[in-house]
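Below is one structure, written out as structure tokens, with a few remarks after it.
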Amino acid sequence: MPDDDAMDRLLRMALAAEIPELSPGFDARVLRRVRPRRLTPRGQAVLALYALVAAAASVWLMRDLPVAFIAAAVTACAGVAAATSAYGRRLVIDG
């Protein structure tokens, strides 16, 4: 029974204590930390340069292939890229 009395005292003290509150700027700080990061202009330029170099390398490497094969490969890769992008967005939104 002494444990019950101690628990009762502890509960009474906890219920009588002041309710803790978060600081007024807490929500803004949390939202700022979890906001998705955006690329800087320099990062966007690097990404664009990479895309151009990759496209030029692809064209050069596929120069001896038939046009129908190239069209089929581009179509298939575009579909895979679109599906992967949609799946990634769903993970970010649902996660």
Side-chain angles (χ1 to χ4, degrees):
M1 284 304 229
D3 289 338
D4 289 338
D5 294 334
M7 183 58 74
D8 287 341
R9 274 196 314 276
L10 182 63
L11 286 172
R12 273 192 222 101
M13 286 178 13
L15 290 173
E18 184 178 325
I19 298 172
E21 292 183 17
L22 297 172
S23 65
F26 180 78
D27 287 340
R29 286 195 309 266
V30 168
L31 290 176
R32 200 170 34 251
R33 295 284 304 262
V34 299
R35 183 178 343 161
R37 305 244 192 287
R38 300 288 179 210
L39 280 178
T40 62
R42 183 178 177 177
Q44 290 175 348
V46 168
L47 193 59
L49 179 64
Y50 170 77
L52 288 174
V53 169
S58 296
V59 167
W60 184 76
L61 290 171
M62 293 192 300
R63 67 187 181 277
D64 295 330
L65 296 176
V67 175
F69 183 76
I70 294 171
V74 168
T75 302
C77 289
V80 169
T84 303
S85 176
Y87 179 69
R89 281 194 203 108
R90 184 180 312 172
L91 285 178
V92 169
I93 292 171
D94 292 343

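For clarity, every value in this text was computed on a predicted model and none was experimentally measured. In this chain, numbering begins with 1 at the start of the sequence shown.
Atom CG of L11 is separated from atom CG of D4 by 10.5 Å, given to the nearest 0.5 angstrom. If you take CG on L47 and CG on L52, they are separated by 10.0 Å, rounding to the nearest 0.5 Å.
Dense packing is recorded around CZ of R63, with more than 12 heavy atoms of other residues, nucleotides or ligands lying under 6.0 Å away.
Linking ILVMFWY residues whenever their side-chain heavy atoms come closer than 4.5 Å, directly or via other members, places F69 and V74 in the same cluster. Under the 4.5 Å side-chain heavy-atom criterion for Ile, Leu, Val, Met, Phe, Trp and Tyr, M62 and W60 are members of distinct hydrophobic clusters.
Applying the side chain to side chain donor-acceptor pair (under 3.5 Å) rule to pairs touching residues 69-87 yields S85-R89, sequence neighbours excluded.
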